[in-house]
Structures are given as structure tokens and as C-alpha cells.
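Report on the following structure.
Numbers here simply count residues along the sequence, with the first being 1.
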Amino acid sequence: MLAAGRARRRDDAYHPSRRSTRRGGSASERERAAVRERAAERERLIQFSCGCGACVVLIATYDPTKDEVTEFSASSCLTLLYNINLCSVITTEGLGNRRDGFHSVHKRMSGFHASQCGFCTPGMCMSIFTSLANADKSEKPEPRKGFSKLTVSEAERAFSGNMCRCTGYRPIVDACKSFASDVDLEDLGLNIFWRKGDKDADVSKLPAYTLGGGVCTFPDFLKSEIKSSLRHLTDVSDVTVSGVGWYHPKSIGQYYDLLNSGIFSDCTVKVVVGNTSSGIKGYKDQDLYNKYIDIGDIPELSAICKKDSGIDIGAATPISKTIEILEQEAGSKSCPSGSVVFRKLAEHMSKVATPFVRNTASIGGNIILAQKYPFPSDIATILLGASSTVRLQIYSEILEVSFEEFLEQPPLDPSTLLLSIFIPYWASNSHKESKVIFETYRAAPRPLGNAVSYINSAMLGHVSLNESSGDLVLSNLHMAFGAYGTEHAIRATKVEQHLDGKVLTPSVVLEAVRLLRETIVPMEGTSHPEYRVSVAVGFLFSFLSPFAKGIKGPGKTLSIGSASSLSSRRETVSSEEYKPVGDPIKKYAVELQASGEAVYVDDIPAPKNCLYGEFIYSTQPLAYVNNIKFKPSLASEKILAVVSAKDIPSGGQNVGASLMFGDEPLFGAPVAEYAGQALGVVIAETQRYANLAGKQVVVEYDTKDLKPPILTVEQAVQNNSYFEVPPEMYPKQVGDFCKGMAEADHKVLSTEVKLASQYYFYMETQTTLAIPDEDNTMVVYISSQYPEVAQSSIAKCLGIPFSSVRVITRRVGGGFGGKAFRSCNVATAAALCAFKLRRPVRMYLNRSTDMIMIGGRHPIKALYSVGFKSDGRITALHLDILINAGISPDASPIIPGTFISGLKKYNWGALSFDIKLCKTNNTSKSVMRAPGDAQGSFIAEAIIEHVASVLSLDANSVRQKNFHTYDSLVLFYPESTGEASTYTLPSIFDRLLTTSSYLHRAEFIRQFNSCNKWQKRGISCMPLVFKVAPRAAPGRVSVLNDGSIVVEVGGIEIGQGLWTKVQQMTAFALGQLWPDGCECLLDRVCVLQADTLNLIQGGLTAGSTSSESSCAATLEACNMLVDRLKPVMEKLKQQSGGGVSWDSLISQAYKDNVNLSSSAYWVPGQESSTYLNYGAGISEVEIDLLTGAITLLRSDLVYDCGKSLNPAVDLGQIEGSFIQGIGFFINEEHETNADGLVVSDSTWVYKIPSVDTIPKKFNAEVLNTGYHKNRVLSSKASGEPAVVLAASVHCAVREAIRAARKEFGSSELTFQLDVPAPMTHVKEMCGLDIVDKHLESLSEHQYRAAA
């Protein structure tokens, strides 16, 4: 085994780690043995095949006959360790690290502020590095010194499969583009290497890059070992067998000998090549396997054979290699006839999955899945459309069948081997003067891939001139459609026959559309069936229209897949007053995040005898749990214990989370109250065993004597099922609604708006390590925003004092509110298991379990009635609000207040409301970034746009008509307004309209929409008023004897830069001892992890206020130290007669017994308890009326940050928050089944924004609005508010839909667009039959003209 690195084992199948190290150079036999030992013995697993890309590593292979090394990226959680025997594995720590020096990829990611929580950063670095290494091996011209051969367009796709929830991707793009040979460095965003606008932006200022990457990816000792084993490796006489049941046949004959040997008769076996199917929802492993057969190295299955009639591609060929071969053939002079088909096939395949999946997934594996299951394969569809054939072998018999026959066969079993796929050349017929035409299509949530298609298609044929009529006609048609909810891809033969040889008039095309609608019939249960059929019609229309008579097709406009590169303008203003506070310095310890050395909970080495847990959860919403048992299986045999409510110790309580508004049970006992509720924890020796054992559970339910579950807010109203909102937290109404309605010229009554939930999608799922300690105590490492509440919850469950529970949180891999209260149940469950079993227990939820159990943002249904004047001024608004809180109160009682706060950003004249907090049998909903504010602000915009539509006014004029004056602002926000000079919204809005060229762009969009029938654009602006409430926070600052400074704060580093700001604040505050400050102290500051027994009253890290609160506490503690040090400083100055260094000062203070540790507990004063943040945003979109696809063309933000503590950190928070908001308003569909069980439980179906769905042009400006006496050094919050501004994208989409409706004669130009508004919904709102109606209109016109 030569897979080097600190690999992590998955029991029967091994996986390399995303953070393991492998460095080049010579190695002793001891080192080689250590490599093997680590590869065989590490037992922890990273990420569980969730599809986020955080686990990406580089795998290098070596061909000793050619002395050639090949590198490719791969997903370590999908890659089986025995699959990479004889390979070298490089992880981000292998590129560089603290001890050996960081790589330029690490340094540039750090310097461009491209890492926040840092959990995704190692995978990002490896995707970027692999792209650099492969680009530099190409035959492209030599780049300028310091650059790679990578191009800007390639850089933007280098990490297209990697997900990030924090940054919004833009700084990562800039970091990657900084390596590109054709980059203009001045176009790159904010960084530490030069300031924006500097004329001397030069590559020499960037961390040096060596062409090729500068890293030995395959060390000499591994090459030598392979060469010495060459004879054994090339020996094909015997099947290679490992000691854990891994069989590696070297020929087809050996494969069939294995099948006939009988050794698999009494066990489960898995045939693998790349194993990537285990990452697909619905096809993941459901049980353990006894044995594996790896057929990836059978030579016949990887052979590429070029023939006169086409090309034969071995079934085990990776998809990425297949793309490479097709591109080579498309560009080959010897194959001009196949260029069209091959080029289109390659382009389409490059949108399948992700680069790191395509590198290991085989083309044969993909189409075998499509043959055996209703797998929505793009590749199967386009190969069917290209009239491909396949070769099969069944023992000694070899068959060649058409692709259509292959798909229609009964599901293949291991006795049938797919040998190869043959793709024919399609030549133009010179005798008939015909030309080959071939197009492929896909409608998917992401343009560049990493998303399964709603429907796909490939259409091929010949086009020629009809000699008698002079019109174009089609022949030899192959029209394939798939992924629309069908068993497998099919050919639309009736459509082909109808079109063959006919002149494509509107009536002919219309009949083809009707035939296609009869052909494309999604199976029952398929989501969005009408949408899929409609898009199929759109594909057919797009294909035929260029050759049709009298039909103008959709053509092409700007699209993210083919248009100019991403661009941005990121402007900040640094403050010189409190240096280094106000400087845009890089994030604290960011290089450690990039290199993978930053320690998250799951990176803590497993203690001796550590066990692992996985939740057993209910699939029923309200039922008695009569029994829990397990199916007979290999995974069930691995179960060591099942812990449930009966195991709670005497004196303990069934409490999972002990919160302000009420406790939430740890387990549903004896009644499961909602689908997704924990019923118990299954314990095993590894996380994989535990996860698979959890899939074997069989729960017996009984609903006798129970009422039906309440799953909707409407049912909650019927059953009077509510949580109480404390009177002091219920928002106050404004003015007299009846009087305001009486003043109105117009009224809109009882209009409904709905907003769905949103899942947190932090990159690091919920995770805990609980370790029993002496004297019945417990040490718990947790990824949490609120360790203090986890401590109390664990103590209550176990029945022990709070002082017996130590909860430690170092850093969190993303939270967004999901680790505030929802992490407590996981921590408590792990602690209970550890307490009972007297052994350490680790729980690291897989993505599916996390999505099902944890909950998310509150769904809200609103009914509004509004009165307004003819000029757009609103006089009165009333809302009836139903908030779905789920089964427990959690933090839901705060939502009515934040909802109304977000709504109050406009002057409604009079505002009244009735808000009901509904208790339902669903997972508890909790706080999520801008909780309540995001929904309230959106509904405010929906009302404004409704009023504008009724009056036929520009929405912007209605907005500005209803902006607050300072007096009305005081009326609506009486406790938060501040001084009149701090009300900056009107000036911000005017500035945004000017800098974004809004009026010019709006006019251009009107012209664009009048000239383009099938694409429409929309633009929308919106203001932001966001109420912020800082919380009390502790801080402790200690100076050690060598002058190093240790800081402890209650706030948790979750990626928001809290530690960075605390570091800056410490250096500033202690630097007050010198007239010019002391920035040299910055590198001496060490911020410690949170520990509930070391620094109490740490509080909740949320609401974007913990950074400023922690900084305020740190400032107070530092000021105490400064007061103590001043006398020492004066004494030293008198003695020396000159300056005093920090080291001398601290040394003397120690001698003088000065207390060099000070603690503070900062509590916001009455005037600083709440304040308002202001901002504004403009977004422009383009929608495709045939598919509903949304392209974000541009977004502009202006945001008032006061005097930013760190403009780079705040800008990153604003951008990331905005992109997360786009996910909420547009992309992310959080769906449940009829029982309330979450079914959007994987990256396969839940799509957060990716690098190809962010705005193509993204401009963000952080304003420095001067002195704010009641703020911490005049700063303001940044992380939450910008979520609200993403509603501008939703509003722009609504404008584009309105233009589409107007185009096709709809009378309903006033309509509501619920949240989210994905492409499926956009298409439905534009019309599912617009192609049919258009063709009918043309046909009628044609008929009348002929008559």
C-alpha cells in the first residue's frame, strides 16, 4: 500500500483524509512503514460523502514505463483507499504548513481574505493547486514570471465543485485569478498585497509562485518502490487479494473466475471502479460489504480504440479522461466529421458532477446506474442522442447493442460486464449537401454542473436544402430526452418521424410539440412534472427554430457559462484613528485554516477506547414508539449499544436543550412528537459503522388515541396551537390603522405571501466529542455558538452540577445560528452516551441526519391589507402573520419582534398586526442569519411593489415616497434611532443610484426586453434598516513573562473574524502606553478557545454583535492593565531617560508584582443597547423563459459600517451574507414529505449558491460614516444585515417575470412570487405553454396569409 498520508479508515473500505500530510523527498524504511501504518490504522472519517468539496485531495499516479506522473483532484470521502494503491496522496498540509512554510496558494487565499470559517478552505486550496499543476503541464505558451499557465476563465472554474457558505466566493475567485497568465492584477479585489487603485500592483508583491506548483507530488522513494515491484505489478497470472476482502482482477477472465469461484456466495459484494455512486442520494451504501471487486485496472475496460467509423471508449475510463479524448478528437484534423458531435458531448459532460468527481467516476459506471435504476444521467441521454452503441460481455459471450436496447434491458447483474461505449462519427453528406447538426441541453439549478438536471436532451440529425422549395429540411433525426422522471432516457421516435423531410413551418413544429407532450410523461411522484414537460418543449423549439420557416428562435444572450469573466469592485475606507483597529489586516490564524492545521472538533485525535454515535430518529410526526429493532445485516452486527431515554441517570432529566423559553426533550419518549425527533443513539466502534447501523433501524409506531399531527400553520390555527410571546417581547403597533385606511385613495385587501424555511448548511455539521473525566465529571468538545447553554443542558440531563461539565469550543466551521441552540441536543446526547458507557463518545452528524433533525429558518405566511394615496404614499398597513415555530419554542418568541423591526423600514403611516407563533409537529425552527428581519423586510418590499404595480408607478419612486423622515423613524424605532446625523439611509440610497448607473441601466433593460422575446431582464433596488442589539460579554487579558499576550473572550470564532478584531483591539488598547501606539504587539496576541469553566457568562455568539461586545470587554480589560502599567512605565522612563520597550516594561512589572491579568464584563449602556444599521442594494437579473434559468448579472451594495474595526473582515461578512440571502430568496428549496420529514436532505437536492450562480458583476462599498459615540470605537455590525439586501434579486426576478407576462399577453401583471423562487417556479410564473401559444399564433397568421 503506497497511499501516503495520514489516511482515515472507513472500516472495510479506506478513505484518505482531507487534512493528511504527504511531503516529497527521500524517506527511510521506517518512514515508509509509518506511511503504511497510518494508512491502515486511522479510524476517523471526514465529511461522509456530503458533496461539499471540503474533502478534496490531490492524487498522483506514476507510470514507471514512461516515467510520467499524473495528478488529479478527488473527493477523499468517496475514494476507497485500496483504490489508490500505488498512488501518492497530497492534502493541503502537504503543500505547506506552519513548520515548513506555507504554499503560495495558502498565502494568497489568506491575503485575499478568502477564508472565513475555514472549514472548506483546504478543499478549495487543493482544487486550485491541482488546476495550477495541470495547467502548467499543458502545451500553452510560457507565462510571465510568477504566473501559471492557467487562464482567468479556467481560474473561475477551478473550484466550481467546491461549496462555501461564508465568503460568497468572490475573494476565492480573486485569489485563484491572481495566478492566471492573462489576469489584470488591478482588477482583483481587496487584499493585503496592495491597496485598490495603486498603480504599482505587481506580481512581485504577491507570494512567489513556481511554475508547476513547486511541490513534489510523487516522491522518489515511492517511484523506487513501484519500480522494484514492477515484475509483480505486471504479473497478470493471479488476482490480487488484500487481507480485508479486496479483490483486484487484472483481466476479464480473472473477473469471471472470481464470480465462478463461489467465494461470494454467502456474502455481500460490491463491484467498484471509482465508487462515486456512494455519494448520490438514493444510491449511497445502505449496509456494509464483506468483499469488494475492483475492476478499474482491467486493461480492456480502459482501452481507447479509434476506428474509421468512430471511437470506442472503455467503460472504466474516467469521465474527465473521456472529455479529454472527445476534445482531442473534435480538434483533430483527421476527424473533421466528428468534431460537432464530439465537441458538444465534451462540453455537456464537463457540466456533469464536479471536477473532482469526474476525475474518478467512470463513464461506464454512470450509464450502468442509468440502466439499472431511474438515475437522471446526463451522459446516458447525450450518448443515446449521439446514436452510440455499447459492447457487453456475459461470461464468454460478447454482444454489441444499440444504446436504446441497452437501456431497455432488465437491470444488469455482475455477470454482465459493460466493456465499452462506441460513439460514431457523423459525417455531412456531400452528395446530398447535408450538414450534421447536434445540440445538447440541460435544465439544472447550476449552469456549470454539480446539480442533477430536471430534464436533459440531445438532438442530432442532418439538415439539407429541399431542392423543389428551397427550404431547409431535417433527416436522420435522433432526439433523446431523459431525467424528467422516467425509468431511463428515451428517444422521441414519433417526433422524429413526424419531422423527417418536412419543411419546418409553425404548424409542423406545433404538431411536433404536441407529439412531444404525449411522449414526455413523468412518473407519478416526480417533482415539478409540468415544468419538465414544458422545458422539453423549449428544448425542441430551440433546436428546430434556426431551421424553421417564419419562426424566430430564442438565440443567445449573456449567460454565466459563456460570457465574460466575473468582476467586482470592493471598496472600503480604513480608519487611522485607532490603529491597528480599522486596518484591513488578514484574518487571525487564516494560514492554518488554509493549510488544514486549524483544529476543529473532529480533528481532535480520538481518545483511547473512543466510541461513535448516530441518532435514531422518528419518521412519523406524532406516534407512540412501541419498539426499536434492527434489520439483520452486517451493519447491525457492529452495534455495541443503543442509548435512549431509559438510560438517563437517576436525578437527570430528558432534556436536550435547556433554553430561555422552555426545555426541549432529548428523546421522544414515549411519544415521538415530530418526524426527525431523536429516539435514541446507536453506538459502534467507528462513525461509519454507527451511520450504517442507523440505517438498519425498524421502529414500530402506534397512533391509537392520539390526535392527528399539526403540520401546517393553518392546522395550528384550527387547533389553537400556539406558543406564547412574552408581552415585553411583542412588538408595538404604530398609529391608528382605521384612520389611515380611511385616508387612502386605494386599498389592497388580504393578499397572501409565503416564505419557506432555509437550512443552515454550515460546512462542518453538528459535532461533539464527550470524554468522561474524574469524579463523575465530563469534558465536552463542541462546535457551538453557545457553549454555556450546552453546559447547562448536559448537566440537567445527567443530573450533575454545572461545575462538573466543562464545555470547550475552539472554533466553529460555520454556524449562522444553527449552532446556537440546535447544537445542544447533539452535545447532550454524546455526553449521555459517554456517561453511561464510561468511554469517550464522538458524534459527527452526516449531512442527511443534520438536515433532517436540526431545523432551520422560520417559515412564515402573511396576509396584508394596505391603503395608499394615488401618488404612492402609504397611509396604513395591517398584517396577519403566522410563524411556524415547530415543536418547541427554542428562540422563536424573539421572531415577532425582529420580523416587525425588518418591516418597519418604511413609513407605513399606521401599522397594525396580529402575529401568531404556531406550535406544530415539525422540527423546531431556530434563529438563522437575520432571523425575522429577512422575512419582514422582504414582505415590506412585496407590499411596495404591489402598490407600485397597482398604480403603474416605478417601484423606486414608491420606495422613496415612503422612506422615513427622521421624525417618523423615531416613531417607528423609538429606542434605537440615535441622533439625526446618524440617519444615513437617504444619502446611501442616492449614492447607490448614482454609482450603479441605475437610471441608465433601467432604460437599457426596457430596450432589451422589447427586443428579446425569450429572455427578459429585471432590476430592483431596496433599502436596509436593521436593528442591532449588542449583548453583554466577558473578557480577560493576561500578559505573560515574555511579553506575549493571552486573551479570552466569551465570543466564539465562527468565521466572522471575531478573533481578528479582538487581536487588533488588544494591540490598540495596550499600545496606548506609547504616543504612536504599538502595532508590534499584534503578532504577540494569542486568543484562546472558549472554556465554560475558565471564563463564565460567555453568552451567545449571534446577531453580528459578539465581535464588538468581545472587543468592548477586551478594551475594558486592557484599560485596567494600562492603568496598572503606567506607573511602571513612568518609573522606567525616569531611570532610562528614554523610550521603554514592551519587553522591558513587562519584565519590570513582573519584578514589581503587578497583576498582569485583568477581567472585565462589558454591559451595553442604555444608550447603546440597540442601534440601527443602514444600507442599500441593487440587483439585475436575466431569466430564460424556456427553462426559467436565472442569471444574476450584477449586484451593487452600499453599507454603513460606522468606523469598521476591520474593513476586510466586514466586507467579507457583507458579501457572504448577501450570497447566503440569495440562497434563501432564490435557490434553496427546503422541502418535507406529507409527514413533515425533511426530504431536501443532501447536496443532491438542496442547492446553496455556488460560484457559477453568484452575480457576474458584484460591487460592494463599505462606508465610513464617522463618529458614533455609543458604538465600540464607532463601529457597527456587519454579518447579518446584508442577508436582507438579497431580496433585491428576488424583486428583480419578479420584474423580469412581469416583462415576460406582458410579452405573452397575460393580463395578470400584479402577482405574488413566494420565497424561494427557483427556476422551476420562475418558469411556471412565466407560463408553461408559451411556446405552444406562440406557435399557435404563428400558425394562425400563416393560415390567414395563405387564405
Check this for me: does any side-chain nitrogen of one of [X] and [Y] sit under 4.0 Å from a carboxylate oxygen of the other?
X	Y	result
Lys695	Glu614	no
Glu1229	Lys1247	no
Arg688	Asp285	yes

Would you say Asn825 and Thr828 are linked by a side-chain donor-acceptor pair, where the criterion is simply a distance under 3.5 Å?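 Absent: no donor and acceptor within the cut-off.
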Under 3.5 Å donor-acceptor pairs involving side-chain atoms of residues 717-730, not counting sequence neighbours:
from: Asn719; atom 1: ND2; to: Gln715; atom 2: O; distance (Å): 2.8
from: Ser721; atom 1: OG; to: Lys919; atom 2: O; distance (Å): 2.7
from: Tyr730; atom 1: OH; to: Ile915; atom 2: N; distance (Å): 3.1

Got [X] and [Y] here, is their nearest side-chain heavy-atom distance under 4.5 Å?
X	Y	answer
Ser924	Ile854	no
Ser1104	Gln1056	no
Met853	Gln677	no
Val927	Ile894	yes
Ser892	His858	yes
Gln785	Ile1052	no
Tyr1246	Gln758	yes
Thr1092	Phe802	no

Tell me every residue that passes side-chain contact (heavy atoms from CB on, under 4.5 Å) with [X], counting only those two or more places apart in sequence or in another chain.
X	result
Asn776	Ile800, Phe835, Arg838
Ile1096	none
Ser926	Tyr760, Phe821, Arg822, Asp890
Pro632	none

From the options Leu679, Val625, Leu832, select the one residue that forms a side-chain contact (heavy atoms from CB on, under 4.5 Å) with Phe667.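 Checked Leu679, Val625, Leu832 against Phe667; only one passes side-chain contact (heavy atoms from CB on, under 4.5 Å): Leu832.
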Identified side-chain contact (heavy atoms from CB on, under 4.5 Å) counterpart of Tyr781 within the set Thr767, Thr768, Val807, Ile771: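 When side-chain contact (heavy atoms from CB on, under 4.5 Å) is applied between Tyr781 and each of Thr767, Thr768, Val807, Ile771, only Ile771 qualifies.
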Using 0.5 Å steps for rounding, measure from the OG atom of Ser804 to the CG atom of Leu798. 9.5 Å
Nearest 0.5 Å, please: how far is CZ in Phe119 from CG in Asp603?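 Separation between the atoms: 7.0 Å.
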Measure from the side-chain N and O atoms of Gln935 to the backbone N and O of Ile883, and report whether any donor-acceptor pair falls under 3.5 Å.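 Not confirmed, Gln935 side chain does not pair with Ile883 backbone.
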Does the Gln696 side chain pair with the main chain of Gln286, one donor and one acceptor, at a distance under 3.5 Å? yes
Taken in chain and number order and not counting sequence neighbours, the residues that satisfy salt bridge (charged side-chain N to carboxylate O under 4.0 Å, His left out) with Arg806 are Asp1091
Can the ring centres of Tyr373 and Tyr283 be said to be less than 6.0 Å apart?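 Yes: the rings meet the under 6.0 Å criterion.
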